[in-house]
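As the structure is a computational prediction, the values presented were derived from the model and not from experiment. A note on names: the letters A, B, ... follow the listed sequences, proteins ahead of strands, and every chain is numbered from 1. Values below: every heavy atom of this structure, side chains too, minus hydrogens, waters and symmetry copies.
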Amino acid sequence: MFFSSPPSPASLIIFSPPLKPNSGQPPYELLKTHPSLSLVSKCKNIQTLKQIHAQIIKTGLHHFQFTLSRLIEFCAVSSAGGGETGLSYALSIFESMEDQPNLFIWNNMIRCYALSSSPDLAIQFYIRMLGSGMEPNSYTFPFLLKSCTAGGLFQQGKQIHSHVLKMGLETDLFVHTSLINMYARNGELVDARLVFDKSCHRDVVSFTAMITGYASGGYLDDARRLFDEISVRDVVSWNAIIAGYVQSGRFEEALRFFKDMLKGNVKPNESTMISVLSACAHSSSLEMGNWVGSWIEDNRLGSNLRLVNALLNMYCKCGDLEKARLLFDGISRKDCVSWNIMIGGYTHMGRHKEALHLFQQMQRSGEEPNEVTILSILPACTYLGALETGIWIHAYLDRHFKWSTNTSLSTSLIDMYAKCGNIQSAKQVFDSIYPKSLASWNVIISGLAMHGHVDSSLELFSKMVDEGTEPNDITFIAVLSSCSHGGLVEQARQYFYSMVNDYKISPKLQHYGCMIDLLGRAGLFDEADSLIKSMEMKPDAAILSSMLGACKVHDKVELAEVISDKLFELEPDNPGGYVLLSNIYAAAGRWDDVAKIRTRLNDRGMKKVPGCSSIEVNSVVHEFLVYDKTHARSKEIYTMLDEIDKLLELAGHKPDTSEVLYDIGEKQKEGALCYHSERLAIAFGLISTRPGTTIRIVKNLRVCGNCHSATKLISKIFNRDIIARDRNRFHHFRDGSCSCMDYW
DNA sequence: CTAGGGTTAG
């Protein structure tokens, strides 16, 4: 098959006299300088090598072992011809050789195996070599030991070590370093150190092998000590120590080493920069990262994808998405990693719509998503409530991955279903996976809680404990919030007690938050207060806000004033608390105080976080703000809103305008309510989906009381299930009532 | 008669 290549390009055709073996003179001088052979070293890929091979046969050069040696060596060395193709090509030459292969050829065959995907076969080849009467030399062992390192073959490595001793080759610097590396990479640091200490001829390379071993085992102090002992440090030794600190998460120190390296006038290379970029990404060192960016440009390395991806990752992790996107768009041959980094960057910064959009572009580009892609895109679906896209991904996973054993993938999928409003599918996926990780228990328990399935949520918690999975602090947030959604005061007390005493988990702010929210809502202000006093940390804004909310439910105006003073001290510029207090005043009819707060808000120039609701239709996420008129079908939406309004009025719905803060007329206040973002999303859902289809919307804030009662009626009037996720929980509206039983 | 060891992003 090697002779079936198309005719050589003109540049490869060499007219030279055929050579004959055994013609008296040893032809090595001639061979070395023969044009066909010097071409081998310039060879770019295996295709070209085949053409040269054909040429060699034509000229009779293949009768000389020297020639074949060079070909096999090429297969072992060249990255273009290496790997599996290189190995099989080398093998075919080896097996069809006329004479006994010499040691050089045996050694290079072992070298081919070391770089292949089955390095263990190198050992078999070595045994075959011994069987044919060949004795290994100082070149054989580095290749062989490299195979043991690559294949994790510690036992075989040990045996080979005894061969080394028998041959008296342990003092050979190359063999010595290979042994250290083999032991170190197999996690046998003590053995590695024994070998290291035995030799008195150590150089920077053997030091580095030992340092790498220590560093990858997390023994940074040992690595550091050896590093200090090296008299002349080169790039690779610097890289090893820098990478070691990066892998241990000690990024600032890694960057300090890098600066020392530059001070010592050692020139960094691509590997250095990949580690440095990783350190910058993790420690948000944008300045240093930018410096590396210009270094890459100066050294014209813009086409090195590994390096550019690392740079891209740095920009994303440092939050400079604009620069990242510019770089990303400029990469001509993006790989899966480039896409993953950019998509993950958007998700990470909360720009979920852009993440989803880029994911769709990725599919159009023909690049296949992998597990990492899915793990960054699922949270975006979850956040946006993009159930259709989520279902598509589920089907994609079924087709392409064995995902049910991948715990993070399945957990992410369960979370997506739960938070996109489809708790049944979440439960189905949960039931189907094995093993069930702690995280998967946590997401299903909190998912059920959010949907108001309090009983099954708590049952699942008992089942989890029965099956021997130890709950953690996150589990208890889920359990306590479950109690909170169900108004189960006594159970919550018991779980809280059990968490502290049985599981020795010290409560965090969120645990206190659930408890205080629950106690406050139940009107148990004294107990809530003493719980706050027992906390070892100061109550945060969330806790004070939920106390304030409880004051509203129970008309506690004076207490509300005390609490809001503390809240305003903590967050003077967050309008949420002011709005809540003003609502409490409004409910008590204290309009003067309402006006005072409004002035305070205006003086400080505070803006409420705008309410935003989204709905996914045909895999496209549509977002709406209050009074939003930017949507392409805005006209139809507002016609629908008017229609809804009329029907609501007919059904006897009376808008409660007391919570509207602005100084406007009663009629306008009603308007402000009708155009709340969730109302717009629902109206769009009604006009863009078939009758009877469930409408799912997601809101970034809590749903207001007025919209809640309106939505209940809408579900009845239009005969639709409406599933709404707000900041706090899910509301399933059906036939005029809501799954939350008006408790939220 | 040719060769060999240590560093590598999501």
Side-chain angles (χ1 to χ4, degrees), chain A residues 26-32 37 40-41 64-74 76-77 102-108 110-111 114 137-146 149 169 172-182 184-185 192 196 202-213 215-216 226 230 233-244 246-247 261 268-282 292 304-314 316-317 335-345 347-348 369-373 375-376:
Chain A
Y28 299 117
E29 288 308 310
L30 250 163
L31 276 173
K32 259 197 252 178
L37 274 187
V40 173
S41 55
F64 300 97
Q65 270 206 354
F66 183 81
T67 315
L68 300 178
S69 310
R70 298 308 296 256
L71 289 177
I72 290 174
E73 187 200 355
F74 173 85
V77 179
N102 62 24
L103 190 52
F104 179 91
I105 290 178
W106 280 105
N107 286 346
N108 274 291
I110 292 173
R111 195 179 180 190
N137 67 1
S138 65
Y139 288 96
T140 317
F141 290 111
F143 301 144
L144 203 50
L145 288 165
K146 198 189 185 89
T149 309
L169 284 171
D172 180 283
L173 201 49
F174 290 90
V175 178
H176 175 241
T177 310
S178 303
L179 276 169
I180 295 170
N181 195 40
M182 185 274 293
R185 286 307 180 107
F196 179 80
R202 293 174 300 208
D203 67 353
V204 60
V205 185
S206 49
F207 266 98
T208 308
M210 197 62 230
I211 289 169
T212 308
S216 59
L226 277 189
I230 307 177
R233 294 178 276 249
D234 66 358
V235 214
V236 186
S237 51
W238 280 104
N239 288 355
I241 198 79
I242 292 171
V246 171
Q247 276 156 24
M261 170 183 177
N269 63 12
E270 297 165 34
S271 302
T272 324
M273 292 318 197
I274 284 176
S275 297
V276 169
L277 283 171
S278 170
C280 294
H282 283 101
V292 178
N304 179 328
L305 198 52
R306 281 180 78 87
L307 204 49
V308 172
N309 280 344
L311 184 66
L312 185 67
N313 181 49
M314 184 279 298
C316 285
K317 291 287 146 60
D335 64 357
C336 189
V337 177
S338 328
W339 287 98
N340 290 350
I341 294 169
M342 198 65 229
I343 291 172
T347 319
H348 194 70
N370 64 9
E371 274 104 331
V372 181
T373 324
L375 280 174
S376 9

Measure the distance from [atom1] on [X] to [atom2] on [N] and round it to the nearest whole Å.
{"X": "A:Met342", "N": "B:dA9", "atom1": "CE", "atom2": "C1'", "result": "16 Å"}
{"X": "A:Gln65", "N": "B:dA3", "atom1": "CD", "atom2": "P", "result": "17 Å"}
{"X": "A:Phe143", "N": "B:dG6", "atom1": "CZ", "atom2": "P", "result": "11 Å"}

Nucleotide nearest [X] when distance is taken to its side chain, options [options]:
{"X": "A:Asn102", "options": "B:dG4, B:dG6, B:dT2", "result": "B:dT2"}
{"X": "A:Asp172", "options": "B:dT2, B:dG4, B:dA9", "result": "B:dG4"}
{"X": "A:Val205", "options": "B:dG5, B:dG4, B:dT2", "result": "B:dG5"}
{"X": "A:Thr177", "options": "B:dG6, B:dG5, B:dA3", "result": "B:dG5"}

Base, sugar-phosphate, or nothing for [X], non-hydrogen atoms under 4.0 angstrom?
{"X": "A:Leu173", "answer": "base"}
{"X": "A:Ser206", "answer": "base"}
{"X": "A:Ser338", "answer": "nothing"}
{"X": "A:Gln247", "answer": "sugar-phosphate"}
{"X": "A:Ser376", "answer": "nothing"}
{"X": "A:Asp335", "answer": "nothing"}
{"X": "A:Val204", "answer": "base"}
{"X": "A:Asn181", "answer": "sugar-phosphate"}

- For the pair A:Phe196 and A:His176, name the ring-plane relationship: parallel under 30°, tilted 30 to 60°, perpendicular over 60°. parallel
- Message: So is the aromatic ring of A:Phe104 stacked onto the base of B:dT2, judging by whether the centres are under 5.5 Å apart and the planes are under 30° apart?
- Response: yes
- Is_stacked (A:Tyr139, B:dA3) at 5.5 Å, 30 deg: yes
With a 3.5 Å cut-off and just heavy-atom distances, do the side chain of [X] and the base of [N] make a donor-acceptor pair?
{"X": "A:Asp203", "N": "B:dG5", "result": "yes"}
{"X": "A:Asn313", "N": "B:dA9", "result": "no"}
{"X": "A:Asp234", "N": "B:dG6", "result": "yes"}
{"X": "A:Ser178", "N": "B:dG5", "result": "no"}
{"X": "A:Asn239", "N": "B:dG6", "result": "no"}

- Item | Audit row: A:Asn137, A:Thr140, side-chain hydrogen bond (donor to acceptor under 3.5 Å, both in side chains) steps and yes/no | CA-CA 5 Å; A:Asn137 67 1; A:Thr140 317; 3.0 Å; yes
- ring pair (Phe, Tyr, Trp, His ring centres under 6.0 Å) against A:Trp106, all qualifying residues, sequence neighbours excluded: A:Phe94, A:Phe125
- Listed by chain and number, what are the ring pair (Phe, Tyr, Trp, His ring centres under 6.0 Å) partners of A:Phe104, not counting sequence neighbours? none
- Query: According to a strict under-4.0 Å criterion, is A:Lys146 in side-chain N/O contact with OP1 or OP2 of B:dG4?
  - Reply: no
- Message: Whether the side chain of A:Asn370 engages the backbone of A:Thr373 through a donor-acceptor N/O pair (distance < 3.5 Å, no angle test) should be reported.
- Response: yes
- Query: Is there a donor-acceptor contact under 3.5 Å linking the side chains of A:Asn309 and A:Arg306?
  - Reply: no
